[in-house]
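Below is one structure; the comments refer to it alone.
Quantities reported herein were computed from a predicted structural model and do not represent experimental measurements.
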Amino acid sequence: MLLCTRHAHTILSSPHLNNFLFTRRLKFVRNRTLHCSSSLRHFSKHLTSRNNLSFNPHCRSRSSSTSPRMGSVAAFNELLQYPVARRDESVVDNYHGVVVPDPYRWLEDSDSAETKEFVEKQMKLTDSVLKTCETRDKLREKLTKFYDFPKYNAPFREGGKYFYFHNTGLQPQTVLYVQDNLDGKPEVLLDPNTLSADGTVALSEYAVSEDAKYLAYGTSSSGSDWVTISVMRIDDKIIEPDTISWVKFSSISWTHDSKGFFYSRYPAPEDGEKLDAGTETHANLNHELYYHFLGTDQSEDILCWSDPENPKHTRSASVTDDGKYVLLYIGENCDPVNKIYYCDISLLPKGLEGYKGSKELLPFVKLVDNFDASYHYVANDDTIFTFLTNKDAPRNKLVRVDLREPSSWTEVLQEDKKDVLESASAVNHNQLVVNYLSDVKNVLQIRDLKTGDFLHRLPLDIGAVSEISCRRKDSIMFVGFTSFLVPGIIYMCNLEGDAPDMKIFREIVVPGFDRTEFESSQVFVTSKDGTKIPTFIVARKGLSLDGSHPCLLYGYGGFNISITPYFTAARILIAKHLDVVFCIANIRGGGEYGEEWHKAGSLAKKQNVFDDFISAAEYLVSAGYTQPKKLCIEGGSNGGLLVGACINQRPDLFGCALAHVGVMDMLRFHMFTIGHAWTSDYGCSSKEEEFHWLIKYSPLHNVRRPWDKPSEEGSQYPSTMLLTADHDDRVVPLHSLKLLATLQHVLCTSVEKSPQTNPIIGRIEHKAGHGAGMPTQKIIDEAADRYAFMAKVVDATWTD
């Protein structure tokens, strides 16, 4: 959803940045969908069933109770004393003639004393459970040592200077450095760790002016999506007085005269001065595009584009490489489609200054004024523009148009028959570096910008391109690479000669990690309807397929987001010391095979996502990697929804479930913050047909006692941890809180001598959000907690 920062956090908390960092020059090619930015595109931090059941104040977690036929063993000997949450049976909604109770509606008020008491009691319960997890301290200790290695991102160039991000090891946030040349002495330009005592203020946006005189940077607090933009003079590192507030889902794009920049924001909330930003739940509406002149107050900023008739649309701007045009991208929701307008700022009679104090909007020309496809700028030569688009090309292609003949579009690079064109960037004057995704592995090519003709394939191992840093006027570019067993390599590629000269510029080394101890493979699992689902499996070498191993299966399956191979220290650690087999299922709903793959897992076809994931789990059991009681599933954001739906549909198949910041109430998600943008993937309960899609799988509304079915006697839900955070204003915490209350009520507190002996707990992080910007120590602590819980309930044994 406006990109899933939870998934991004999963990737970037390894050798990469802790948060999404986009600029025109430094491109994280994995996240190319424009403005489904970190928030619309879901989401990468469902809710509870409406059963009217009587309840007993305790769920008796008894080791003497009936053993589950499948699922995790009863790992906790002491009685679990679940807090009893009040059920308001008077709250009932009528959806198209269907009555749906919502007894925990009161948990939607995060500021109420009752909600705060509920959270406090749940945290105490979770802490009591985690204290019994024998591997927790070992995991935290080992993770701290394992994370303590230098991390780098690729350099990017602006003006005559180079910039790059670096973390020495355990710094809470990654630091921005500047140097005059690649051999020059680097200097700290911006250290976010100085902005807060606890490391919870993070750098979320940045852009360097064309002449490298200024750095505009956005910071967010406690993981919130709200951003405040400041400006620094690069030469003397003086912070200018400019402060831009209430920015969200925005890029920062300088005009080439360095007088100011474009950005996007929402109107300030009515209670803005008193608001603990990130804890509110009201809908984000009326996104607007502004231009800020350096040295002026935000109140004087130029309103460049506004459209009150379409309050749910999002808007962003970028200045073209030649500095002549500003492009306006307008998004409707999280679908990979957008309008694109342009304004020739070089022809404005009085320049942008002429709009100061005026209510007149910039004279944008509507190049594409519908939501039929996506269009993203690649390059332009005066009025001739090259775009990457999915127009009549679900795996993307390159097209060209002359602004003087806007109805005439020509193909530059045709859609591939199988592979997805993820990105294209101009480099070395008249060449392109294009990035394809082929069976969930990246392939880089150099092509001719004018003709699209193939020139070279760059030599990369099997894995993922994490970033491409290049400019059209430069012959040197940088490529970031990672895989399950490669922490990170930054390549420098010189394109001046007849053939690309590619060499390692910097390699990230993790002390104590020996990649030869592990192996990774890819299999294609047959789903329920016969579709082949690519699945990666990472394990220690020489693994015996006797079903004895703990297994962690991760998935996402939504919003056209592809989950490619990446290194994570935590998962390597549990593979080494807990004998865990780690797997990723590239299920439908993602972007692994283009827009058709995405659409096959959205809206009325969302059940395909769950079927694919369940099929991957069944394969891991049948192939001898694991058994149900040792199988843990994990996912975040839209992947949290995945986990919530799957434990409802197949509680017998899993021993443990870790659901991060999930979308759990599928009937009300659209009412909160940016949730209205997700209806493109889910649908909306206000429409009768779509309501009937949603009610069938909504985690909150499908919690059932498996033992009530004669065929499932003795079965129960897997041990489950729902993870959320108090400043998650992407997928607000109420989703996880309502599902937590429902699970505990239906399975535990409403049943005398309940068969549900597996724990159902919640972990609520303080001063954190959907995942982006989480400081290193919080990342380590959360990983230690969830994997210690997993180890306990799947009976994993620690070995040194």
Side-chain angles (χ1 to χ4, degrees), residues 5-6 9-10 13 43-48 72 75-76 80-83 85 107 110 115-133 135-137 139-140 143 200 222-223 278-279 552 554 570 574 632-637 639-641 643-644 647 656-664 699 717-728 730-744 748 758-771 774-794:
T5 56
R6 171 56 59 166
H9 154 67
T10 304
S13 65
F43 316 77
S44 105
K45 258 180 168 209
H46 255 358
L47 283 125
T48 59
S72 64
F76 299 90
L80 282 166
Q81 301 294 320
Y82 289 103
L107 282 169
S110 60
T115 298
K116 291 178 180 178
E117 181 184 12
F118 174 84
V119 169
E120 182 179 355
K121 288 180 178 179
Q122 293 294 340
M123 292 173 68
K124 287 181 179 179
L125 172 65
T126 299
D127 187 54
S128 71
V129 170
L130 291 174
K131 284 179 179 178
T132 71
C133 298
T135 62
R136 187 187 187 192
D137 291 339
L139 276 169
R140 184 181 291 109
L143 279 169
T200 56
S222 301
T279 62
L552 178 64
Y554 182 88
I574 61 175
C632 176
I633 54 173
E634 183 174 25
S637 201
L641 157 63
V643 171
I647 61 174
C656 180
L658 305 173
H660 302 249
V661 293
V663 188
M664 305 301 192
Y717 268 57
S719 299
T720 299
M721 176 186 284
L722 305 181
L723 299 94
T724 188
D726 60 0
H727 283 71
D728 187 351
R730 185 77 53 79
V731 182
V732 288
L734 64 90
H735 284 277
S736 295
L737 299 183
K738 289 172 72 177
L739 179 57
L740 184 61
T742 300
L743 285 167
Q744 291 178 350
C748 303
N758 295 330
I760 307 291
I761 61 174
R763 188 186 189 279
I764 302 98
E765 183 64 70
H766 177 57
K767 295 191 73 176
H770 199 62
M774 186 180 285
T776 300
Q777 191 58 55
K778 283 185 180 290
I779 294 171
I780 292 171
D781 290 344
E782 184 192 270
D785 285 356
R786 70 180 190 267
Y787 290 140
F789 176 75
M790 177 196 72
K792 175 82 171 182
V793 300
V794 303

Step-by-step side-chain contact (heavy atoms from CB on, under 4.5 Å) determination, Thr200 to His727: CA-CA 11 Å; Thr200 56; His727 283 71; over 6 Å; no

Rounded distance (nearest 0.5 Å) linking atom NZ of Lys131 with atom OG1 of Thr126: 12.0 Å

Electrostatic pair Glu120:Lys116 at N-O distance under 4.0 angstrom: no

Heavy-atom closest pair, residues Glu634 and Val643: C-CG2, 3.6 Å

Met721 side chain reached by Leu130 side chain, heavy atoms, under 4.5 Å: yes

Donor-acceptor contact present, side-chain Thr720 to main-chain Ala657, <3.5 Å: no

Stepwise side-chain contact (heavy atoms from CB on, under 4.5 Å) test for Leu143 and Ile779: CA-CA 10 Å; Leu143 279 169; Ile779 294 171; over 6 Å; no

Nearest-0.5 Å distance that lies between atom CD1 in Ile633 and atom CD1 in Ile647: 6.5 Å

Closest non-hydrogen atom pair between Leu740 and Leu722, with its separation: N-CD1, 3.7 Å

Val793 versus Pro759, closest heavy-atom pair with distance: CG1-CG, 4.4 Å

Contact summary for Ser719 and Asn758, nearest pair of heavy atoms: OG-CB, 3.3 Å

Side-chain donor/acceptor of Lys778 to backbone N/O of His766, under 3.5 Å: yes

Inter-residue atom distance Leu734.CG - Leu739.CG, 0.5 Å rounding: 11.5 Å

Considering all heavy atoms, the nearest Thr279-Asp726 contact: CG2-O, 3.6 Å

Rounded distance (nearest 0.5 Å) linking atom SG of Cys656 with atom CZ of Phe789: 5.0 Å

Thr115 to Ser110 - nearest heavy-atom pair and separation: CG2-CA, 4.1 Å

Side chains of His735 and Thr724 in contact at under 4.5 Å (non-hydrogen atoms): no

Ile574 vs Leu139 side-chain heavy atoms within contact, under 4.5 Å: yes

Spacing of CD1 belonging to Ile780 relative to CZ belonging to Arg140, to within rounding of 0.5 Å: 9.5 Å

Donor-acceptor pair, side chain of Tyr82 and main chain of Ile760, under 3.5 angstrom: yes

For Gln122, all residues meeting side chain to side chain donor-acceptor pair (under 3.5 Å), sequence neighbours excluded: Gln744

Leu125 backbone acceptor or donor facing Ser128 side chain under 3.5 Å: yes

Pro733 backbone acceptor or donor facing Asp728 side chain under 3.5 Å: no

